[in-house]
Amino acid sequence: MKLIYIISMAHSGSTLADLTLGTHPEICSSGELRYLNWQLHRTTNKEGNVEDGDICSCLKDFRKCDFWSKVITELEKSTGLNIYKNPKSFDTAYFGEFAYKNRGGFTRSFFDKLSSYLVRLWCEKGYSYKKIPFLNKKISTWLSNNWLLYQTMSKVSGRRVVVDSSKHLMIALLLQQFKPKDVTLIFIHRSIKELAASHKKWALKKGEKVDFISVAKSKSTYEERVARYKQNIESLKYFDIHYKDLVKYPADFLKDVTQKLKLKQDYILQPNEHFFIDPTSNHLVAGNPMRYKGKQQIKHDHGSKIILSNNDMLFMKDLIK
């Protein structure tokens with residue numbers, strides 16, 4: 001079993017890349033998998049629905065989804081744990097990192113937040129998590145449980161590669177250390193103008209103001225961290241893809257990844273200009289709401305030219321300087 005782990009900023013196409021890869025017959029698309037326990041937890045006593053974003057992308061409640069019901073059953077056989085009844089019993093949450101803060105998720109302790117921050121700094125320098133005695137055992141449990149989940153998904157789907165688009169920097173580093181030969185990272189990059197336009201679009205929907213300065217700072221921090229990964233971590237297997245290239249040339253992206261991972265090439269590869277994805281034929285745990293919109297064509301969005309005003313553009317130009 002091989003894992004592709006997607007890392008990006010928010011609003012940068014991680015769900016899109018996940019689904020694009022999932023069109024290959026050997027790749028299982030799963031969305032932001034780190035939220036599986038939380039999705040199961042918040043639907044323990046209620047039926048999931050699209051509005052709350054707590055159902056599978058196949059549009060079924062996780063407990064009624066053919067794929068996830070089989071995965072959970074297989075996990076129970078392996079661990080003796082009934083994850084449907086007690087989702088937290090199968091601990092896959094690195095420092096409590098599986099709750100949406102604004103949707104009633106679990107509250108993380110100060111120790112969790114501090115530990116997560118320090119572990120990320122430690123791993124960014126290329127140091128092993130195994131050299132952190134007081135956290136080694138807990139981290140090893142998380143890694144083993146997550147890897148068992150990936151393996152079970154691969155077994156149930158009949159696909160030997162699993163995609164996780166959780167885009168979490170620290171988790172990616174830990175997984176890479178755990179299985180360096182079996183983990184490939186994908187770093188997605190997006191221009192500051194495209195990010196600003198996307199954030200403004202979401203802010204307008206909520207009746208809020210967008211903070212362009214925060215977007216620019218987050219962009220700078222993200223690129224700095226990615227650069228450190230590449231510089232400090234030995235045996236790092238990764239791809240870089242820019243959002244604009246992903247939406248313009250999805251077939252090229254898919255072909256590049258599958259060739260380098262030595263996956264079969266005797267499949268129907270859609271052309272770049274007519275590349276379709278169908279989230280409802282996959283089983284994404286979480287991610288962009290587009291996962292509920294059915295079959296759709298990947299197109300380059302020129303929205304940044306429309307949604308950003310002249311004043312916005314001038315402000316962004318100053319930020320880029």
Side-chain angles (χ1 to χ4, degrees), residues 1-8 12-34 36 56-59 65-68 70-71 146-147 149-167 172 175-176 179 181-189 236-288 290-300:
M1 198 282 299
K2 304 290 184 182
L3 174 69
I4 297 175
Y5 195 97
I6 298 175
I7 303 173
S8 75
S12 294
S14 59
T15 301
L16 193 64
D18 195 329
L19 287 163
T20 299
L21 293 169
T23 63
H24 189 279
E26 289 186 288
I27 300 179
C28 175
S29 175
S30 70
E32 297 181 20
L33 196 58
R34 67 187 173 112
L36 177 62
C56 178
S57 65
C58 73
L59 302 180
C65 167
D66 293 338
F67 175 73
W68 287 113
K70 290 176 182 176
V71 169
N146 275 276
W147 202 259
L149 174 59
Y150 295 137
Q151 288 177 319
T152 305
M153 290 168 60
S154 175
K155 176 183 176 181
V156 170
S157 67
R159 302 187 176 202
R160 63 190 187 98
V161 179
V162 172
V163 183
D164 185 345
S165 55
S166 293
K167 57 180 183 284
L175 286 165
Q176 192 276 335
K179 297 284 184 178
K181 294 181 179 179
D182 299 324
V183 176
T184 299
L185 307 184
I186 292 179
F187 298 113
I188 304 179
H189 309 271
L236 186 69
K237 295 163 60 178
Y238 66 90
F239 294 88
D240 282 301
I241 182 73
H242 289 267
Y243 175 82
K244 188 177 292 186
D245 292 330
L246 173 62
V247 294
K248 280 186 176 180
Y249 313 109
D252 293 350
F253 164 67
L254 176 62
K255 188 174 182 179
D256 187 30
V257 173
T258 56
Q259 284 184 338
K260 289 184 180 177
L261 266 61
K262 298 181 179 179
L263 302 182
K264 65 168 65 174
Q265 297 299 308
D266 56 338
Y267 67 101
I268 298 174
L269 179 63
Q270 303 176 76
N272 287 315
E273 59 273 17
H274 297 291
F275 198 102
F276 287 84
I277 52 174
D278 186 0
T280 58
S281 67
N282 292 277
H283 301 280
L284 276 67
V285 169
N288 191 293
M290 54 87 72
R291 70 187 187 276
Y292 296 129
K293 293 183 179 179
K295 189 174 182 180
Q296 52 203 284
Q297 184 178 352
I298 298 178
K299 296 180 180 179
H300 183 227

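Predicted, not measured: the structure shown is a model, and the values here were computed from it.
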Problem set entry | Carboxylate-amine/guanidinium proximity below 4.0 Å for Lys70 and Asp66 | no

Exercise. Hey, is the main chain of Phe276 close enough, under 3.5 Å, to the side chain of Lys295 for a donor-acceptor pair?
Worked result: no

Exercise. Got Leu254 and Tyr267 here, is their nearest side-chain heavy-atom distance under 4.5 Å?
Worked result: yes

For this session: Return the minimal non-hydrogen interatomic distance between Gln270 and Ala251, and the atom names on each side.
Result: O-CB, 3.1 Å

For this session: Check the pair Lys248, Tyr243 against side-chain contact (heavy atoms from CB on, under 4.5 Å), reporting the backbone distance first and the verdict last.
Result: CA-CA 9 Å; Lys248 280 186 176 180; Tyr243 175 82; over 6 Å; no

Exercise. Sub-3.5 Å donor-acceptor pair from the side chain of Ser154 to the main-chain atoms of Val161, do we have one?
Worked result: no

For this session: Using a 4.5 Å cut-off on heavy atoms from C-beta on, say whether the side chain of Phe239 contacts that of Asp256.
Result: yes

Problem set entry | Distance-minimising heavy-atom pair for Ala17 and Phe253 | O-CE2, 4.0 Å

For this session: Considering non-hydrogen atoms only, spot the tightest contact between Lys2 and Asp182 and give its length.
Result: NZ-OD1, 2.7 Å

For this session: With rounding to the nearest 0.5 Å, note down the distance linking NZ in Lys167 to CZ in Arg34.
Result: 7.5 Å

For this session: Would you check if Leu16 and Ile277 make a side-chain contact, meaning some heavy-atom pair closer than 4.5 Å?
Result: yes

Problem set entry | Side chains of Thr20 and Ile298 in contact at under 4.5 Å (non-hydrogen atoms) | yes

Problem set entry | Worked check of side-chain contact (heavy atoms from CB on, under 4.5 Å) between Trp147 and Leu175 | CA-CA 8 Å; Trp147 202 259; Leu175 286 165; 4.3 Å; yes

Exercise. Any side-chain donor paired with an acceptor under 3.5 Å for Asn288 and Thr15?
Worked result: no

Exercise. Does Lys264 come within less than 4.0 Å of Glu26, counting only side-chain N to carboxylate O?
Worked result: no

Exercise. Among Ser8, Ser14, Ser29, whose side chain to side chain contact (heavy atoms under 4.5 Å, CB included) with Ser165 holds?
Worked result: Ser14

Exercise. Can you tell me if Glu32 uses its side chain to pair, donor with acceptor, with the backbone of Asp164 under 3.5 Å?
Worked result: no

Exercise. Side chains of Val163 and Ile27: closer than 4.5 Å at any heavy-atom pair?
Worked result: yes

Problem set entry | Inter-residue atom distance Gln259.CD - Leu261.CG, 0.5 Å rounding | 11.0 Å

Exercise. Do Arg159 side-chain atoms and Met153 backbone N/O form a donor-acceptor pair below 3.5 Å?
Worked result: no

Problem set entry | N/O donor-acceptor pair under 3.5 Å between Glu273 side chain and Pro271 backbone | no

Exercise. For the residue pair Pro279 and Met290, what are the closest heavy atoms and their distance?
Worked result: CG-O, 3.8 Å

Exercise. So do the side chains of Phe67 and Asn282 get within less than 4.5 Å of each other, counting heavy atoms only?
Worked result: no

Exercise. Any idea which heavy atoms bring Leu33 and Val285 closest together, and the distance?
Worked result: CD1-CG2, 3.6 Å

For this session: Apply side-chain contact (heavy atoms from CB on, under 4.5 Å) to Leu149 and Val71, showing your working.
Result: CA-CA 8 Å; Leu149 174 59; Val71 169; 4.0 Å; yes

Exercise. Aromatic rings Phe187 and His189: how do their planes relate, parallel, tilted or perpendicular, breaks at 30° and 60°?
Worked result: tilted

Exercise. Does Asp18 use its side chain to pair, donor to acceptor, with the backbone of Ile6 at less than 3.5 Å?
Worked result: no

Exercise. Heavy atoms, side chains only, cut-off 4.5 Å: are Phe275 and Thr23 in contact?
Worked result: yes

Problem set entry | Closest non-hydrogen atom pair, Leu284 against Ser57 | N-OG, 2.8 Å

Exercise. Would the number of heavy atoms belonging to other residues, nucleotides or ligands and lying under 6.0 Å from NZ of Lys244 be above 12?
Worked result: no

For this session: Would you check if there is a donor-acceptor pair between the side chains of Thr258 and Gln265 at a distance under 3.5 Å?
Result: yes

Exercise. So how far is it from Arg291 CZ to Leu59 CG, rounded to the nearest 0.5 Å?
Worked result: 10.0 Å

Exercise. Is there a donor-acceptor pair under 3.5 Å between the side chain of Trp68 and the backbone N or O of Cys56?
Worked result: no

Exercise. Going through the checks in order, is the side-chain contact (heavy atoms from CB on, under 4.5 Å) test met by Leu263 and Arg160?
Worked result: CA-CA 9 Å; Leu263 302 182; Arg160 63 190 187 98; 3.3 Å; yes

